[in-house]
*Asks:* 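The structure is given below, and queries will be raised subsequently.
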Amino acid sequence: MTASFQNRLALESAGAGAIVLPSLFEEHLVAWKRDNGAELDRREQQRLSRIDGPSRAGLLADVDRYLETFAGARAGSDVPLLASLSGDCASDWGHLTDLLQQAGAEAIEMNLHHRSRAGEYEPGDAEEAVVNLVKTLAGTLDIPLFLKLHREYTSVSYLARRLSSGVQGLVLYGRDPEIDISLHSFRLESAGRRYRPSSLSPVLRELLRVYGHCPAMPLTGCGGISTPEDVIKVLLAGADAAAVVSAIYREGPEVIANMVAGLRQFLNSHGLSSLEQLRARRPLEFCSDRERVLEFDNRTSEFASRNQPHDRLTVKADRWGHVLSV
């Protein structure tokens with residue numbers, strides 16, 4: 001969608017604060033390295049071997065077009081344009097990120113995956129790989145780096161603290177492709193579904209948790225944001241921005257204008273004049289044992305009140321269950 005100038009212009013006119021261009025995948029990087037004379041390791045060769053001939057032949061052109069798109073798009077846009085890279089931590093992204101900076105990218109969104117086989121990674125190894133990648137990229141980038149994480153880490157809150165000196169923000173969460181199993185071919189297939197409207201609960205929970213443990217880390221809520229109410233909720237949960245994708249595919253760029261208008265109306269109706277004042281109203285997770293005790297007492301007393309004994313009714317009925325008298 002965002003590769004099109006008309007679509008970018010429509011999103012910008014609707015009020016989008018920044019636009020992320022389509023992703024370059026690790027396979028693009030590997031093919032580009034090969035065709036520029038770099039020697040591929042075994043893992044990279046296996047990655048290319050899984051792609052069919054026509055797709056593999058087009059990979060290098062995709063990288064070149066991506067760089068050209070940025071050079072042209074930058075001249076025609078008044079909002080920041082972000083490059084999007086998608087792959088795992090083992091790839092050498094450094095040279096490509098340099099070229100993206102030169103092409104006009106104002107920030108890079110890194111969408112990380114861990115495609116390890118069972119038993120190859122321990123949880124700590126995966127998180128350590130993320131930290132090491134960020135250290136490497138942060139040392140070469142002059143533009144902001146935003147990390148899009150998936151729900152595969154043992155403690156995103158702890159990881160956020162470790163990343164706070166290397167990235168300029170986290171995007172929670174990246175969308176994993178939904179899969180299905182064909183009963184005809186006995187093979188995995190991509191279900192190709194987008195987020196359902198108002199599927200926010202997992203995102204809100206993690207935003208609250210990460211914001212509570214690492215309030216200095218800028219956060220973006222991503223996944224299921226479809227209405228102005230969704231935008232308001234992710235901002236209250238700790239996000240500084242809301243990423244909208246599926247709703248744009250369903251309703252078009254005008255959904256952005258509706259969200260912005262709804263946010264403004266909400267602020268006005270609550271006597272708030274800025275987003276800073278909205279952030280001041282954020283609910284916090286439990287920050288002490290005392291608050292936890294108070295919540296526990298509240299819940300248990302509520303349960304007890306609902307289960308108080310009531311006066312019993314005597315009901316007379318015949319043997320078929322028909323009520324005769326009360």
Side-chain angles (χ1 to χ4, degrees), residues 16-21 23-24 26 80-89 91 93 97 100 105-114 121 123-176 195 199-225 230-246 275 278-279 282-285:
I19 297 175
V20 181
L21 267 68
S23 290
L24 272 179
E26 182 185 1
L81 296 181
L82 282 68
S84 175
L85 302 178
S86 183
D88 64 29
C89 298
S91 296
W93 297 98
T97 56
L100 287 169
E106 294 181 77
I108 290 177
E109 179 188 81
M110 189 76 209
N111 189 356
L112 287 179
H113 303 269
H114 295 280
Y121 266 122
D125 295 335
E127 295 174 9
E128 196 66 31
V130 173
V131 173
N132 291 334
L133 174 66
V134 167
K135 287 180 180 178
T136 301
L137 291 180
T140 62
L141 285 173
D142 297 321
I143 57 177
L145 173 64
F146 297 94
L147 207 60
K148 179 179 279 190
L149 297 179
H150 291 248
R151 298 178 178 90
E152 56 190 349
Y153 303 99
T154 55
S155 175
V156 176
S157 301
Y158 174 71
L159 183 58
R161 282 188 172 183
R162 296 191 65 190
L163 295 171
S164 59
S165 61
V167 300
Q168 282 65 53
L170 296 180
V171 181
L172 305 177
Y173 280 108
R175 177 183 177 273
D176 292 310
Y195 277 116
S199 53
L200 274 183
S201 180
V203 176
L204 293 178
R205 183 180 299 111
E206 202 59 53
L207 285 171
L208 282 165
R209 185 176 294 120
V210 175
Y211 175 72
H213 286 80
C214 191
M217 172 66 77
L219 301 173
T220 297
C222 180
I225 298 172
D230 293 338
V231 174
I232 296 163
K233 287 177 182 178
V234 298
L235 294 176
L236 286 172
D240 300 279
V244 183
V245 182
S246 296
L275 290 179
L278 177 65
R279 294 186 185 106
R282 284 171 171 169
L284 296 177
E285 283 198 310

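Values below: every heavy atom of this structure, side chains too, minus hydrogens, waters and symmetry copies.
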*Asks:* Can you measure from CG (Leu24) to CG (Leu100) and round to the nearest 0.5 angstrom?
*Replies:* 6.5 Å
*Asks:* So, the side chain of Arg279 versus the backbone of Ala239: is there a donor-acceptor pair under 3.5 Å, distance only?
*Replies:* no
*Asks:* Heavy atoms only: give me the nearest Lys148-Tyr173 pair and the separation to one decimal.
*Replies:* CG-C, 4.2 Å
*Asks:* Over all heavy atoms of both residues, which pair between Leu112 and His150 is shortest? Give the atoms and the distance, please.
*Replies:* O-CD2, 2.9 Å
*Asks:* Minimum heavy-atom separation for Gly17 and Pro80, please, with both atom names.
*Replies:* O-CD, 3.3 Å
*Asks:* For Pro218 and Asp240, which heavy atoms make the closest approach, and how far apart are they?
*Replies:* CA-OD2, 3.2 Å
*Asks:* Heavy atoms, side chains only, cut-off 4.5 Å: are Leu85 and Asn111 in contact?
*Replies:* no
*Asks:* When you compare the side chain of Met217 with that of Tyr211, does any pair of heavy atoms fall below 4.5 Å?
*Replies:* no
*Asks:* Is any side-chain heavy atom of Val130 closer than 4.5 Å to a side-chain heavy atom of Leu147?
*Replies:* yes
*Asks:* Is a donor from one side chain sitting under 3.5 angstrom from an acceptor on the other, for Ser23 and Ser84?
*Replies:* yes
*Asks:* Test side chain to side chain contact (heavy atoms under 4.5 Å, CB included) on Val171 and Leu149 and set out the steps.
*Replies:* CA-CA 6 Å; Val171 181; Leu149 297 179; over 6 Å; no
*Asks:* Is there a side-chain contact between Val131 and Leu159, using heavy atoms and a 4.5 Å cut-off?
*Replies:* yes
*Asks:* Which value, rounded to the nearest 0.5 Å, describes the distance between Lys135 atom NZ and Leu163 atom CG?
*Replies:* 10.0 Å
*Asks:* Okay, side chain of Trp93, backbone of Met110: is any donor-acceptor separation there less than 3.5 Å?
*Replies:* no
*Asks:* Any chance you could measure Leu172, atom CG, to Arg205, atom CZ, to the nearest 0.5 Å?
*Replies:* 13.5 Å
*Asks:* Which value, rounded to the nearest 0.5 Å, describes the distance between Ser201 atom OG and Glu206 atom CD?
*Replies:* 11.0 Å
*Asks:* Under a 4.5 Å cut-off applied to non-hydrogen side-chain atoms, are Leu235 and Leu278 in contact?
*Replies:* yes
*Asks:* Rounded to the nearest 0.5 Å, what separation is found between the CG atom of Leu207 and the CZ atom of Arg282?
*Replies:* 9.0 Å
*Asks:* Please step through side chain to side chain contact (heavy atoms under 4.5 Å, CB included) for the pair Thr140 and Thr136, ending with a clear verdict.
*Replies:* CA-CA 7 Å; Thr140 62; Thr136 301; 5.5 Å; no
*Asks:* Give me the atom names and distance for the closest heavy-atom approach of Ala160 to Leu170.
*Replies:* CB-CD1, 3.7 Å
*Asks:* Which heavy atom of Ala243 sits nearest a heavy atom of Ile225, and at what distance?
*Replies:* O-CD1, 3.7 Å
*Asks:* For the backbone of Phe146 and the side chain of Glu109, can you confirm whether one donor and one acceptor N or O come within less than 3.5 Å of each other?
*Replies:* no
*Asks:* Within the distance-only criterion (no hydrogens, no angle test), does the side chain of Arg209 pair as donor or acceptor with the backbone N or O of Ser157 below 3.5 angstrom?
*Replies:* no
